Amino acid sequence: MKPDAIEVGRRIKGIRTNLGYSMSQFGELISNSPKTTVNNWERGINLPKEDKLKKIALLGKTTTDALLYGSPEEFITKIVVDHFRLQLNPLFIQQIILFLNQQKIDLYDEMAIIEFIQGIFDSGSFIEEESSYLSYSPVIGYDNLYTASEKKNEEIGAPIFYVYIEKEKNRIHYLPFTFLEHQKEQLRTLPALSSQIEIDYYTRQFPLLDIELKESMIFYYGIKEDNTSIVARYEYDNQKKSYSFNQKNDELDIYDPFKVELDKMVAFFDREH
């Protein structure tokens, strides 16, 4: 896997600022490198040579692998996303790391990790395979519009949601499917998106939608107890590894066709009473 120079630069800057050095002072410690060189590292213009990487890692009390690729969790998550096109939640990534450690596999050996994970998936022994999650199918003739159905044990159920994707903004919108048998219940039950299992239910196939989990936003179109519409907005916190509900509700963020359909459902439920 090729290191992300921008991310490496951020890690180098973090080490330098945590130590309280200026770029010039930091460069002197790293083989008398000039300030401009340090600046180029931190901006991701180029990477330090191997001998300088080792010195930077030593100063940061880390390893060159972690400096280049991030933590084992970050490295393996990227492998799973890039190679398997899945977004596994951190609990499952921790399980993979535990298995890798048990087998004494280097946590930064890309090919060994791919083979190991593929073997787990093929054997069906990994607990991840037993959990349900949303599978997304494009709606023919409509750009960025999908239906989402529950998938469990390789079986896919009926559609549960209409889904609209904003790839450039890393946003995804969910509207309970119009013809769902329990649509009213689905509309009135907003997700908490606080547990890893619940988050994984929505996000496991995000890579297939070109949505990154990091800094993603979810909009859920529902109906409150007083029979008024609500567009719940959730923002992913990469530090906490969970979504938080954001009270801010900017009309510009709303996908109008979903809001129109939601208002129709509100009016329909009003007539029922």
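The model shown is predicted, which means the values in this text are computed figures rather than measured ones. These numbers come from the heavy atoms of this one structure, side chains and all, not from hydrogens, waters or symmetry mates.
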[Y] and [X], any side-chain heavy atoms less than 4.5 Å apart:
X    : Y    : answer
I211 : T203 : no
P159 : S149 : yes
N144 : Y142 : no
I56  : P48  : yes
L213 : T77  : no
L47  : L53  : no
Y69  : V8   : no
L134 : K151 : no

Residue pair [X] / [Y]: nearest heavy atoms and the distance that separates them:
X    : Y    : result
I105 : F116 : CD1-CD1, 3.7 Å
G222 : L190 : CA-CD2, 4.3 Å
K167 : L209 : CE-O, 3.5 Å
I156 : S135 : CD1-OG, 3.9 Å
I223 : I230 : N-CG2, 4.0 Å

Check: Does K224 offer a backbone N or O that forms a donor-acceptor pair with the side chain of R188 under 3.5 Å?
Finding: yes
Check: Judged by atom type as modelled, is there a donor-acceptor pair below 3.5 Å linking the side chain of D4 to the main-chain atoms of L68?
Finding: no
Notebook entry, point to check: Pick from F161, F258, F245, Y234: which one makes a ring-ring contact (aromatic ring centres under 6.0 Å, His included) with Y220?
Noted result: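 Result: among F161, F258, F245, Y234, F161 is the only option passing the ring-ring contact (aromatic ring centres under 6.0 Å, His included) with Y220.
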Please answer: with hydrophobic residues joined when any side-chain heavy atoms are less than 4.5 Å apart, are [X] and [Y] in the same cluster?
X    : Y    : result
V260 : V266 : no
V38  : L19  : yes
L86  : M1   : yes

Item checked: Residue that, paired with M217, satisfies side-chain contact (heavy atoms from CB on, under 4.5 Å) out of R171, E166, H173 -> R171
Note to self: Which residue is it: V81, I114, I97? I am looking for the one with a side-chain contact (heavy atoms from CB on, under 4.5 Å) to I76.
What the structure shows: I97
Next item on the list: Quick one: list whatever passes side chain to side chain donor-acceptor pair (under 3.5 Å) with D143, sequence neighbours left out.
Entry: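 None.
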Next item on the list: Could you list the residues that satisfy side chain to side chain donor-acceptor pair (under 3.5 Å) with S216, not counting sequence neighbours?
Entry: Y243
Not counting sequence neighbours, which residues clear salt bridge (Lys or Arg N to Asp or Glu O under 4.0 Å) with [X]? List them please.
X    : result
K13  : none
D82  : K78
D263 : K259
E155 : none

Can you run down the salt bridge (Lys or Arg N to Asp or Glu O under 4.0 Å) pairs that involve [range], sequence neighbours left out, and say none if there aren't any?
range           : value
residues 83-93  : R85-D210
residues 61-70  : none
residues 86-104 : none

Please find out if less than 6.0 Å separates the ring center of [X] from that of [Y].
X    : Y    : value
Y255 : Y164 : yes
Y174 : Y202 : yes
F75  : Y108 : yes

Check: What residues, two or more places apart in sequence or in another chain, satisfy ring pair (Phe, Tyr, Trp, His ring centres under 6.0 Å) together with F84?
Finding: F121
Roughly how far, to the nearest 0.5 Å, is the [atom2] atom of [Y] from the [atom1] atom of [X]?
X    : Y    : atom1 : atom2 : value
Y236 : L193 : OH    : CG    : 11.0 Å
Y146 : L208 : OH    : CG    : 9.0 Å
I113 : Q118 : CD1   : CD    : 14.0 Å

Neighbour count >12 (heavy atoms, 6.0 Å) for atom [atom1], [X]:
X    : atom1 : answer
E212 : CD    : no
K54  : NZ    : no
Q102 : CD    : yes

Would you give me the side-chain donor-acceptor pairs under 3.5 Å for residues 24-32, sequence neighbours excluded?
unit_1, atom_1, unit_2, atom_2, d
Q25, OE1, S22, N, 2.9
Q25, OE1, S22, OG, 3.4
S31, OG, K55, NZ, 2.7

Margin query: Strictly by side-chain hydrogen bond (donor to acceptor under 3.5 Å, both in side chains), give each pair with a member in residues 36-49 just once, sequence neighbours left out.
Written below: R16-E42
Check: Yes or no on side chain to side chain donor-acceptor pair (under 3.5 Å) for Q205 and Q87, after CA distance, side-chain angles and deciding distance?
Finding: CA-CA 6 Å; Q205 285 200 343; Q87 177 70 62; over 6 Å; no
Next item on the list: Applying side chain to side chain donor-acceptor pair (under 3.5 Å), run through E150 and Y201 and close with a yes or a no.
Entry: CA-CA 9 Å; E150 185 174 286; Y201 179 80; 2.9 Å; yes
Margin query: Under a 4.0 Å threshold between the charged nitrogen and the carboxylate oxygen, would R233 count as salt-bridged to E235?
Written below: yes
